[in-house]
Amino acid sequence: MNQAFDPITATVQERTLLPTTADYRALDAAHHLHPFSDMGALNEAGSRVIVKADGVYLWDSDGNRIIDGMAGLWCVNIGYGREELAQAAYRQLRELPYYNTFFKTTHPPVIALSALLSELTPPPFNHFFYCNSGSEGNDTVLRIVYRYWAAQGKPSKKYVIARKNGYHGSTIAGATLGGMAYMHEQMPSKVEHIVHIDQPYFFGEAPEHMSPEAFGIERARQLEAKILELGPENVAAFVAEPFQGAGGVIFPPSSYWPEIERICRRYDVLLVADEVIGGFGRTGEWFSHQHFGFAPDLLTLAKGLTSGYVPMGAVALHERVAKPIVENGEFNHGHTYSGHPVAAAVAVANLTLLRDEGIVERVKHDTGPYLQSSLRQVFGDHPCVGEVTGAGLVAAIQLAQAPRERQRFANGNEIALACRERCFNSNLIMRASGDRLMLSPPLVVSHAEIDEIVEKAKRAIDAALRQLKLL
Ligand code: PXG
């Protein structure tokens, strides 16, 4: 194969000579900067080239079949290869591939999607603003929150409180809102009026003799302390993921969310649930705040909205937030592709399948409990595992040096990365975050596929730990 093979401009004749993995890697290394990657190291090792997918499986350019324990990046909820979504995109591309929603115009797919979202979200959510990603969704949240308080005659409410080790995206506002120190370090300036409190990470951060319930209250009360420090008249919103996804699938103690909700109501602070990972069935409820039983004012949505088949994000507004926005003149915010017709058509097809095939109910009553109990059975008493957390089809395995004492490894990150690499090399995709290993498979995963994921994970993790002489 010619080094200069360009898969975009190649002639039909050139295309009959299928590029090899080495060709792909050379071109990729020459021209493509990957997100969140050390490009020097990656180019040396070579990327894995994923060429097709079906159900919960991916295939790489060497013909390996890989089971996707992460649903892409927590997004392919419906699974790969659904013809209905391809048909919806194709039909819409032919009928009306693009039109905007700015200047007194709209179109059928975005109308249908908004009506469907108002059916699937809890009753007070009746208005939806569209964007292209979760990051833009959180930028939009900030714009809505400021607009809301200005309309209430309280423009001094400017501070937004978020959490350390939260993830809210990679735009400047998303990354500021997130509490990832390694991202902040590469940003010379951040969005103003955003501050962070500690995360409700019991295993990693609770004092030795504190109960999970007491710890949940203690961490929630940090919000109250921060509001009082800033002055309630200056605080606009609290933004958080119902469970932290990228931060390690951290499920807060059950005392946490009721206390957060009480504090937000008491000080008149908007409560924003970032449902980018938790939304559209991940925990077995349509939205993960329903799993925890609290009532937010705004939801950030993306990922599972289209199951990742095309990019789309959205913000859902509680009617009490939407009303003053609707009634107070122009809202100076929007994107060329706000409510993109093809994305909206794919979202409608995706959500209709999730609903009509009973996929979310199956996660709640069948596949979710099955994954959770399988993981606990296999890893619950493992000598290097401190806890297994999660609900529905999202879970984490916490590595630990001394599980009972909640003592973590000094180099837990490296150990988790070695485990992740082993999984990858045995054709299972898992994520590592710090010293936690995470799973979030497509919501259509079967019992047999869950068995395959859990068995492969056990074998690969044990092999990695043995190699590191920890088993
Ligand atoms: N909020 C949450 C809770 C997220 O998880 C975003 C916002 C931003 O969405 P966009 O579409 O702008 O990426 C996310 C994204 C990982 C990983 O490796 C997680 C995300 C994105 C990329 C990688 O865990 N979450």
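Just follow the structure's listing: the first ligand is 1, and inside any ligand the first atom is 1.
- Under the 3.5 Å distance criterion, the side-chain polar atoms of N77 are left unmatched by any main-chain donor or acceptor of G304.
- Heavy-atom proximity to A246, at under 4.0 Å, picks out these atoms of ligand 1: 24 (O).
- Each of the atoms 3 (C) of ligand 1 lies under 4.0 Å from some heavy atom of E241.
- Using a 4.0 Å cut-off between heavy atoms, N138 contacts ligand 1 through its side chain alone, with no backbone atom that close.
- In terms of protein heavy-atom proximity, atom 2 (C) of ligand 1 is closest to Y167 O, 3.3 Å.
- Protein heavy atom at the shortest distance from atom 11 (O) of ligand 1 is G134 N, 2.9 Å.
- Judged by distance alone, the side chain of N350 and the main-chain N or O of V346 form no donor-acceptor pair under 3.5 Å.
- Side-chain contact between Q398 and R408 is present, with heavy atoms from C-beta onward closer than 4.5 Å.
- I397 is listed as a side-chain neighbour of M430, based on a closest heavy-atom distance under 4.5 Å.
- You'll find the ring centres of Y309 and Y80 outside the 6.0 Å limit.
- Nearest to atom 20 (C) of ligand 1 among the protein's heavy atoms is K303 NZ, 3.3 Å.
- Between F215 and F202, the ring-plane angle classifies as perpendicular under the 30° and 60° cut-offs.
- Residue D60 forms a salt bridge (charged side-chain N to carboxylate O under 4.0 Å, His left out) with just one option from R48, K52, R25, and that option is R48.
- With ligand atoms numbered from 1 in the order given, ligand 1 contributes 11 (O), 12 (O) to contacts under 4.0 Å with heavy atoms of S133.
- Of the N or O atoms in W74, one or more lie within a sub-3.5 Å distance of an N or O in ligand 1.
- You'll find the ring centres of F129 and H333 inside the 6.0 Å limit.
- Scanning the protein heavy atoms around atom 1 (N) of ligand 1, the nearest turns out to be D274 OD2, 2.7 Å.
- Nearest protein heavy-atom contact of atom 13 (O) of ligand 1 is S135 OG, 4.3 Å.
- Listed by atom number, the atoms of ligand 1 under 4.0 Å from I277 heavy atoms are 5 (O).
- Using a distance-only test at 3.5 Å, with no hydrogens or angles considered, no donor-acceptor pair links the side chain of R422 to the main chain of I461.
- Atoms of ligand 1 lying under 4.0 Å from at least one heavy atom of R431, given by number and element, are 16 (C), 18 (O), 24 (O).
- When hydrogens are left out, the protein atom nearest atom 22 (C) of ligand 1 is L73 CD1, 3.5 Å; that is the closest non-hydrogen contact.
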